[in-house]
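In each ligand, atom 1 is the first atom listed, and ligand 1 is the first ligand listed. In this chain, residues are counted from 1 in sequence order.
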Amino acid sequence: MKPRVLKFGGSSVANAACMRQVAKVVRAALPASPLVVLSAMGKTTDALFRAGQAAVKGDLDLALTEAAGVFQRTREALRDLLGGQVPVTTAEQVAAMESELQLLLRGVALLRELTPRSMDAIASTGERLSTRVFAAHLEREGVPVTHLDAREVVRTDGAFGAAAPQQAVIKVLAAERVAPYLGAGRVVVTQGYVGATEDGTTTTLGRGGSDYSAALLGAALGADEIQIWTDVEGVLTADPRVVPAARPIKRLSFAEAAELAAFGAKVLHPATVQPAVEAGIPVTVRHTERPEGAFTTITAEAAATGKPITALASRGPITVLTVHSTRMLAQAGFLGRLFEVFGRLGVSVDLVATAENSVSLTVDARAPLGPLLAELRAFATIQVAEKRAIVAVVGERLRSTPRIGARVFGALEEVNVEMISMGSSEINLSLVVREEDAAPAVQRLHRAFMENGA
Ligand code: ADP
Ligand code: ASP
Ligand code: MG
C-alpha cells in the first residue's frame, strides 16, 4: 500500500495545544500509513539563528538565553502533553540536545566564527526537538510510533545552509529505513529541513525547507499524496497579509505552484513541487485547525477556472541592472558573455527583458554586486536600480487570454511599471515596480481580476 506524507509547519506545532490538534489529524490518517514530517515549534528556528548570531558577536550570554528559551518552550510542551510522566528517554534526549547546543554556541563564541556548517548543526536542533515531543505524545496516546532521525535518510551534498538532496540515495535509504515501519502499521515521525552528508554531518535544506523534505520523502516512498498542513486553507489567490480578501484556490497546476513559490508565495518552499512532479504525486495544502475546510490540490493538470489569472505573488527587495553595451548589443556573443559573468560569480538572474540596445536583469538584493559590476563594466555600462520588487501574475490561461497585458496595465492605474517579462512557460507575467508599490499593485490586480465576480 502506498504511504501518505503529512507535513506540519511551525505554527501547527507551536505548543502543546497545537500538537494535540496535529495528533488528531494524524490519527484520522492512520489507515493511510502516515509518515509525519515536522517543522520546529513556532519561531524556534529564528531563535536558533539569533543565538548563532549572538555567539559569533561574542555575546555568549544572549546566545545561551535564546537557547534556554527554546528548551523552556520544549519542556513546557512536554509537561503539558505528558503531565509529570515525561518518559526518561525523552527527557534524556532533550537534555543531551541542550548540552550539545550549548557546546556549539560556546565554540562559535570562542572562535568568533559561525560557518554555514556550524549554523546547520545549531538550526537542526529545532526539528530534532519538536519531533521528540510529538512522538512522545503519540506514544502516550497509544499510537504505534517510530521516531526517525532524518539524517539517516535525507542524504544531501555538503552545501551547508542550502544543501542539495541526492534523490537516488534518499530513495534507497527510505526503502530500507522508513518503508518497513510504515508497512508494519507504525506511524513514522521525522524532521523536515534537516539532512546529512554521506559522512553523517548535519545539513539543512534552507529556510522553509520542511516542505521540500516532505516532497523528497513522498517521492522516495511513492506516496499517494503529499499533504502540507499549515495555517491557511491552501494556497490563496494572494498573500492574505497583503490582500485580506484573498481566497483559497481549489486546484493549481504544478507549473503555477512553482511560479508562485519562486516569486514569493511563502506557503510553499520553491523546490517543493519538483520531486512531486517527477513522481506524479499530488500535493495538497491544508489548514491544520480546519481539517474539514477548504484546501488546494496541486497536480499536473491546469484547473478549468475560466479566469485568466490564478494567483498573484510578489517578492522584494530586488535590484534591477540595466546593461547598455558599449559596442553593439546585437553583436554576436554579447549576451553569452554577459551571462557567463553571472554564472561564474554564482549570481542568479530572475527576470530578463531585452530592448533594442539594452538588457535589463533582476537579481536578489542580497547578491554580491561589487565583483559583478567590476567585471561587467569592462565591456558595458550598467545602471543599478535598487529597492524594487517583482509582482508575478500567474495563470495557465494567461497565454490564451487576449489583451491580458493591456488589462493588467489598466488595473494598475498609476503604479509605474519599470520592466515586464513574460516567462518562457507563458504562465507568468512578471512586473518590476518600486518596492513600496508592490502591495498596492497586488491589491489592485486582485480587485480587478479576482474579486466581485471578476
Ligand atoms: P508553515 O510554518 O506552515 O510552513 P509558512 O508561514 O511557511 O507556514 O506559510 C504559510 C503562510 O504563507 C501563510 O500564513 C501566509 O501568510 C503566507 N502566504 C503568502 N502567500 C500566500 C498564498 N498565496 N497563499 C497562502 N498563504 C500565503
Ligand atoms: N524550521 C525551518 C524554518 O523555519 C524549516 C521549516 O519550517 O520549513 O525555516
Ligand atoms: Mg513554510
Side-chain angles (χ1 to χ4, degrees), residues 6-14 18 21-22 25 37-50 52 70 119-120 122-131 150 154 161-163 190-195 203-216 226-250 252 256-272 283-290 293-296 298 309-315 391-395 438-439 442 445-446 450:
L6 284 74
K7 177 262 167 175
F8 296 87
S11 55
S12 300
V13 293
C18 297
Q21 177 63 20
V22 171
V25 174
V37 176
L38 298 186
S39 285
M41 295 170 63
K43 304 259 175 249
T44 298
T45 313
D46 290 340
L48 292 166
F49 271 84
R50 284 197 304 273
V70 167
M119 194 56 238
D120 276 357
I122 292 168
S124 73
T125 313
E127 272 71 8
R128 286 160 56 220
L129 285 170
S130 65
T131 49
V154 181
T190 196
Q191 303 86 24
Y193 180 54
V194 178
T203 56
T204 68
L205 302 176
R207 295 303 310 268
S210 293
D211 300 336
Y212 196 15
S213 301
L216 289 164
I226 296 158
Q227 300 184 338
I228 306 291
W229 291 85
T230 181
D231 61 356
V232 276
E233 285 185 318
V235 180
L236 310 181
T237 46
D239 184 337
R241 291 164 300 183
V242 177
V243 181
R247 9 172 212 79
I249 300 168
K250 247 195 163 72
L252 205 57
E256 288 170 326
E259 295 288 337
L260 286 172
F263 287 98
K266 186 189 170 211
V267 65
L268 268 189
H269 182 281
T272 303
V283 176
T284 58
V285 180
R286 299 163 186 263
H287 197 322
T288 307
E289 297 288 327
R290 290 178 222 149
F295 62 93
T296 301
I298 309 170
I309 297 176
T310 308
L312 303 161
S314 70
R315 184 152 72 79
V391 171
V393 178
V394 174
V442 168
L445 290 170
H446 198 273
M450 29 259 286

N/O to N/O under 3.5 Å, ligand 1 against protein:
{"from": "ligand 1", "atom 1": "2 (O)", "to": "Gly10", "atom 2": "N", "distance (Å)": "3.2"}
{"from": "ligand 1", "atom 1": "3 (O)", "to": "Thr230", "atom 2": "OG1", "distance (Å)": "2.7"}
{"from": "ligand 1", "atom 1": "4 (O)", "to": "Lys7", "atom 2": "NZ", "distance (Å)": "3.2"}
{"from": "ligand 1", "atom 1": "6 (O)", "to": "Lys266", "atom 2": "NZ", "distance (Å)": "2.8"}
{"from": "ligand 1", "atom 1": "8 (O)", "to": "Thr230", "atom 2": "OG1", "distance (Å)": "3.2"}
{"from": "ligand 1", "atom 1": "14 (O)", "to": "Asp231", "atom 2": "OD1", "distance (Å)": "2.8"}
{"from": "ligand 1", "atom 1": "14 (O)", "to": "Asp231", "atom 2": "OD2", "distance (Å)": "3.4"}
{"from": "ligand 1", "atom 1": "16 (O)", "to": "Arg241", "atom 2": "NE", "distance (Å)": "3.2"}
{"from": "ligand 1", "atom 1": "23 (N)", "to": "Leu236", "atom 2": "O", "distance (Å)": "3.1"}
{"from": "ligand 1", "atom 1": "24 (N)", "to": "Leu236", "atom 2": "N", "distance (Å)": "2.8"}

- Task: Please list, chain by chain and in numerical order, all residues satisfying side-chain contact (heavy atoms from CB on, under 4.5 Å) with Thr310, sequence neighbours excluded.
- Result: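 Counting only residues at least two positions away or on another chain, Thr310 forms a side-chain contact (heavy atoms from CB on, under 4.5 Å) with Ile249, Leu252, Glu256.
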- Partners passing side-chain contact (heavy atoms from CB on, under 4.5 Å) against Thr44 (at least two apart in sequence or in another chain):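 Once residues adjacent in sequence are excluded, the partners of Thr44 under the side-chain contact (heavy atoms from CB on, under 4.5 Å) criterion are Ala40, Met41, Leu48, Val70.
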- Does the side chain of Asp239 reach to within under 4.5 Å of the side chain of Val442, using non-hydrogen atoms?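 A side-chain contact under 4.5 Å is absent here.
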- Query: If we only count heavy atoms from C-beta on, is the Pro240 to Val232 side-chain gap below 4.5 Å?
  - Reply: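 When only atoms from C-beta onward are counted, Val232 and Pro240 do touch, with a gap below 4.5 Å.
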- Message: Assess whether a salt bridge exists between Arg290 and Glu233, defined as any Lys/Arg side-chain N lying under 4.0 Å from an Asp/Glu carboxylate O.
- Response: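 Looking at Arg290 and Glu233, the cut-off is met.
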- Message: One thing to verify: whether Arg207 and Asp46 come together as a salt bridge, which I'm taking to mean a side-chain N less than 4.0 angstrom from a carboxylate O.
- Response: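 Yes, this pair counts.
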- Message: Is it the case that the side chain of Arg315 and the backbone of Ala262 share a donor-acceptor pair, with hydrogens and angles ignored and the cut-off at 3.5 Å?
- Response: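 Confirmed, Arg315 side chain pairs with Ala262 backbone.
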- Query: Is it true that the side chains of Thr230 and His287 contain a donor and an acceptor less than 3.5 Å apart?
  - Reply: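 Side-chain D/A pair, Thr230 to His287: absent.
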- Message: Testing the 3.5 Å rule here: is there a donor-acceptor pair between the side chains of Asp120 and Thr203?
- Response: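 No.
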Contact table ligand 2 N or O to protein N or O, d under 3.5 Å:
{"from": "ligand 2", "atom 1": "1 (N)", "to": "Thr45", "atom 2": "OG1", "distance (Å)": "2.7"}
{"from": "ligand 2", "atom 1": "1 (N)", "to": "Glu127", "atom 2": "OE2", "distance (Å)": "2.6"}
{"from": "ligand 2", "atom 1": "4 (O)", "to": "Thr45", "atom 2": "OG1", "distance (Å)": "3.4"}
{"from": "ligand 2", "atom 1": "4 (O)", "to": "Arg207", "atom 2": "NH2", "distance (Å)": "2.9"}
{"from": "ligand 2", "atom 1": "7 (O)", "to": "Ser39", "atom 2": "OG", "distance (Å)": "2.9"}
{"from": "ligand 2", "atom 1": "8 (O)", "to": "Gly208", "atom 2": "O", "distance (Å)": "3.4"}
{"from": "ligand 2", "atom 1": "8 (O)", "to": "Gly209", "atom 2": "N", "distance (Å)": "3.4"}
{"from": "ligand 2", "atom 1": "8 (O)", "to": "Ser210", "atom 2": "N", "distance (Å)": "3.0"}
{"from": "ligand 2", "atom 1": "8 (O)", "to": "Ser210", "atom 2": "OG", "distance (Å)": "3.2"}
{"from": "ligand 2", "atom 1": "9 (O)", "to": "Arg207", "atom 2": "NE", "distance (Å)": "2.6"}
{"from": "ligand 2", "atom 1": "9 (O)", "to": "Arg207", "atom 2": "NH2", "distance (Å)": "3.4"}
{"from": "ligand 2", "atom 1": "9 (O)", "to": "Gly208", "atom 2": "N", "distance (Å)": "2.8"}

